[in-house]
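All values below come from the heavy atoms of this structure, side chains included, with hydrogens, waters and symmetry mates left out.
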Amino acid sequence: MSATKKIPMRTCIGCRTEKPKKEMLRIVKNAAGEIHLDFSGKMAGRGAYVCNSEACVKRICKQKLLHKTFSQQVSEGVYQALEEEFLGGK
């Protein structure tokens, strides 16, 4: 009996599609309420995932979806860092 390894799936907050966790970027709200981009995927705190799609990143930034996801105001710096990471500052 060979057990196949289960691939962890996560839902993108921009397009609401499920994709493998490794293909997505995690955004974390830590215990102090600070929001960070989590490149390792292992930071402690509440996480949200973004797929590697320009349309999703633009939608998240335009509609300020991180405000709703983390139930708090999120600084413009976080949105700018997200855009720079995915869009190269376009």
Sequence neighbours excluded, every pair satisfying ring-ring contact (aromatic ring centres under 6.0 Å, His included) that has a member inside residues 44-76: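 Only H67-Y79 qualify under ring-ring contact (aromatic ring centres under 6.0 Å, His included).
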
C51 vs C15 side-chain heavy atoms within contact, under 4.5 Å: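 Result yes, sub-4.5 Å side-chain heavy-atom pair found.
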
Flag side-chain contact, heavy atom, 4.5 Å: C61 against L82: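 C61 vs L82: side chains touch.
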
Verify the cluster assignment for [X] and [Y]: are they in a single hydrophobic cluster under the rule of side-chain heavy atoms below 4.5 Å apart?
X	Y	value
L37	V50	yes
I13	V74	yes
V28	V57	no

Nearest 0.5 Å please: distance from the [atom1] atom of [X] over to the [atom2] atom of [Y].
X	Y	atom1	atom2	value
K29	S71	NZ	OG	6.5 Å
C56	L65	SG	CG	9.5 Å
L66	I27	CG	CD1	4.5 Å
C12	E18	SG	CD	11.5 Å
E83	K62	CD	NZ	12.5 Å
K19	I7	NZ	CD1	14.5 Å

R10 to P8 - nearest heavy-atom pair and separation: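 Result for this residue pair: NH1-CB, 4.0 Å.
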
Closest heavy-atom pair and its distance - M24, T11: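 Answer, listing the atom of M24 first, then T11: CE-C, 4.0 Å.
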
Charged N-O contact under 4.0 Å between E76 and K64: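 Salt bridge flag = yes for K64 with E76.
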
Contact list for residues 37-48, test side-chain hydrogen bond (donor to acceptor under 3.5 Å, both in side chains), sequence neighbours left out: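 side-chain hydrogen bond (donor to acceptor under 3.5 Å, both in side chains) check on residues 37-48 returns R26-D38, D38-S40.
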
Audit row: R59, E54, salt bridge (charged side-chain N to carboxylate O under 4.0 Å, His left out) steps and yes/no: CA-CA 9 Å; R59 180 168 184 235; E54 186 174 325; over 6 Å; no

